[in-house]
Amino acid sequence: MKAISVLGSTGSIGTQTLQIVEEFPDAFKVVALTAGRNLNLLIDQIQRHKPEAVALADESILPELKERLQILSKGCLISQQPELLVGKEGLNEAASWSSAELVVTGIVGCAGLLPTLSAIRAGKDLALANKETLIAAGPVVLPELKNSGSRLLPADSEHSAIFQSLQGTPWAENARLSTGIPTPGLRRILLTASGGAFRDWAKEDLAKATVKDATSHPNWSMGRKITVDSATLMNKGLEVIEAHYLFGLDYDHIEIVIHPQSIIHSMVELADSSVLAQLGWPDMKLPILYCMSWPERLETSWKRLNLAEIGKLTFGTPDTQKYPCMQLAYDAGRIGGTMPAVLNAANEEAVAQFLEEKISFLGIPRVIEAICEKHKVDLKKDPSLEDILFVDLWSRKLVKEYVSMNKDNI
Ligand code: NAD
Ligand code: MG
C-alpha cells in the first residue's frame, strides 16, 4: 500500500488523483492533503480519505475548518481528526509528511515550488504535475533531486508519454532520475499539442477572444490557468522547457507537433531513427496512475482505445505568428538562468489579468515579451533559489505596473 501526499487536492489534478485512490483502495492510501480555499470539497475529501495531516494555504479559513471538523466529529461522521497545518510552513510540512512515500504535486503555479523542494529534500518520490516549479527553478531543482535520491515521475501527459516510451531502453534510468544529463540514444522529442481552444479560429479573430472562449478546451478538462495556457499555446512552450530539464535535450531537438485528436501524447525519436509513442484517450488519470503505480501497471476498467472508432490521426506544424507565446518560451529556455522564471511569472500574472478581464487575449504575449525584454540586463546565468524567488516577485510586480500604464492598448 503506497502512502500518498496530494498537494492541491481540490484542483483538477488533485481530485483525479483522489479518484484513483478510491478506485484502488488496496494499492494507495492518502496521508496528507493541501488545499487553497475550497472548504466544502476539502471536508468531503477528509471524510473520505482520513488523512493524517491537512494543510491550508490560506490561514484565514482555519477557524471555519476546525469548527466544521469538530461538528462532524461530535456527530461521529469523522473517525479521526487530521493534524491541521497552515501557510507556507504548513504546505512544506504536508509535502514532506513522514509517512508519505509519493507526493503528487497538483498546486498550480510557482506557489508549488517550495513545497516541491520540501518533498525532494525529505527524499520523497514525486509525481510532478506542477510544471511551473521545474520551469521557474530547473537549475535549482535538478541538483537537489540528484542529492536527495528522490525520484521524479512526470505526470504531465506529454512528459509521461516520453518517459513511458523510454522505459525498456538502456536510458530509462537517466529519464527517471531527471538528472538533466542527456540521454545518449534520444535524438528528438516530438511534443504533441491539441491546438487549444482557438485552433479553428482565424488569427484576426483572436482579438475578440473572451474569457469564456479561452477557458473551453476542446479535448481536456483542466484548471482555468492551464486551459488559458493551452489557448495561447504557452502551455506547450512551458512543456518544451519542462522536457529540456527532464530529459536533458537541447532546444533544437524538442519540437512541437499539432495533433488535434490528442491520442498520441508525445513521441521520441531514437538514434536509429525509430520513433516511439504512447497513445491513449485524453484523460489525465492515465499519466497520474502511471506515476502512482510505476514501475508496475495496474489493471483498470477504463475505456479502451479504439483506433477504428477514431478513424484518423492528423498532424501539423504550429503557427508561430498566431501563437507568439511558443517562441517566447523557446527564447527564454535558450537564454536559461533566471529567464524561464521571469517568463513563467509574467505568464501567471498576465493570465490572471486576462481572467479578470483587465487585458485582452492578445495582450498576454505582449505583456510577457515586454517583461522578458526588461529582464535581459539583470539576467543571472546560474541562479540560486533566492534569485529565482526574487525575479518571480519582480516579474509579477512589473506585469501589474505595465498593465496599469498601458490600459488602453492591451
Ligand atoms: P487547478 O486550478 O484545478 O488546481 C490547483 C490546486 O492548487 C487547487 O487545489 C488550489 O486550491 C491549489 N492552489 C492554488 N493556488 C495555491 C497557492 N497559492 N498555494 C497553495 N495551493 C494553491 O489546477 P490544475 O489544472 O489541477 O493544475 C495543477 C498543476 O498541474 C498545474 O501546474 C498544471 O500546469 C499542471 N497540469 C495540470 C493538468 C490538468 O489536466 N489539470 C495537466 C497537466 C499538468
Ligand atoms: Mg501537458
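Residue indices begin at 1 and follow the sequence shown. Note that ligands are numbered from 1 as they come in the structure, with each ligand's atoms numbered from 1 the same way.
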Below 4.5 Å, heavy atoms only, C-beta onward: do Lys376 and Ile335 meet side chain to side chain?
-> yes

To which protein heavy atom is atom 3 (O) of ligand 1 closest, and what is the distance rounded to 0.1 Å?
-> Ser12 N, 2.9 Å

For the Mg ion (ligand 2), the nearest N/O/S atom on Glu158 is atom OE1

If you measure from atom 30 (O) of ligand 1 to every heavy atom of Ala55, Gly8, Ala129, Gly109, which option wins on shortest distance?
-> Ala129

Can you tell which of Ala111, Pro154, Gly36, Gly87 gets a heavy atom nearest to atom 17 (C) of ligand 1?
-> Ala111

Under a 4.0 Å heavy-atom limit, does Met222 contact ligand 1 with its side chain, its backbone, both, or neither?
-> both

Which heavy atom of the protein is the closest neighbour of atom 32 (O) of ligand 1, given with residue, atom name and distance?
-> Glu132 OE1, 2.5 Å

Of all the N, O or S atoms in Glu239, the one nearest to the Mg ion (ligand 2) is OE2

Sidechain-backbone polar pair: Asp387 side chain, Ser384 backbone, donor-acceptor under 3.5 Å = yes

Please answer whether the main-chain N or O of Glu239 pairs with a side-chain N or O of His159 as donor and acceptor at a distance below 3.5 Å.
-> yes

Check: Gly11 N/O within less than 3.5 Å of ligand 1 N/O | yes

Identify the protein heavy atom lying closest to atom 27 (O) of ligand 1, giving its residue, its atom name and the separation to 0.1 Å.
-> Ile13 CG1, 4.1 Å

When you measure from the side chain of Asn130 to the backbone N and O of Gly109, does any donor-acceptor pair fall under 3.5 Å?
-> yes

Atom name of the N, O or S atom of Asp156 nearest to the Mg ion (ligand 2) is OD1

Considering heavy atoms of the protein only, find what lies nearest to atom 25 (O) of ligand 1 and give residue, atom and distance to 0.1 Å.
-> Gly223 N, 2.9 Å

Nearest protein heavy-atom contact for atom 6 (C) of ligand 1: which residue, which atom, what distance?
-> Gly106 O, 3.4 Å

Would you call the rings of Trp302 and Phe24 parallel, tilted or perpendicular, where under 30° means parallel and over 60° means perpendicular?
-> perpendicular

Kindly check if the number of other-residue, nucleotide or ligand heavy atoms within 6.0 Å of NZ (Lys285) is above 12?
-> yes

Would you mind running through ligand 1 and noting each atom that sits below 4.0 Å from a heavy atom of Ala57?
-> 19 (N), 20 (C)

Ignoring hydrogens and angles, tell me if any N or O in the side chain of Lys322 forms a donor-acceptor pair with the backbone of Phe198 under 3.5 Å.
-> yes

Short question: side chain of Gln47, backbone of Leu77 - any donor-acceptor pair under 3.5 Å?
-> yes

Answer yes or no: is there a donor N or O on one side and an acceptor on the other, between the side chain of Ser395 and the main chain of Val342, under 3.5 Å?
-> yes

For the side chain of Gln261 and the backbone of Thr314, is there at least one donor-acceptor N/O pair under 3.5 Å apart?
-> yes

Nearest protein heavy atom with distance in Å, relative to atom 9 (O) of ligand 1 = Thr10 OG1, 2.8 Å

Numbering as shown, the atoms of ligand 1 that approach Leu91 to under 4.0 Å (heavy-atom distance) = 20 (C)

For ligand 1, is there an atom lying under 4.0 Å from some heavy atom of Lys225?
-> no

Protein heavy-atom partner closest to atom 43 (C) of ligand 1 - residue, atom, separation in Å | Asp156 OD1, 3.1 Å

Is the closest heavy-atom distance from Gly14 to ligand 1 below 4.0 Å?
-> no

Starting from atom 33 (C) of ligand 1, which protein heavy atom do you reach first, and at what distance in Å?
-> Ile226 CD1, 3.9 Å

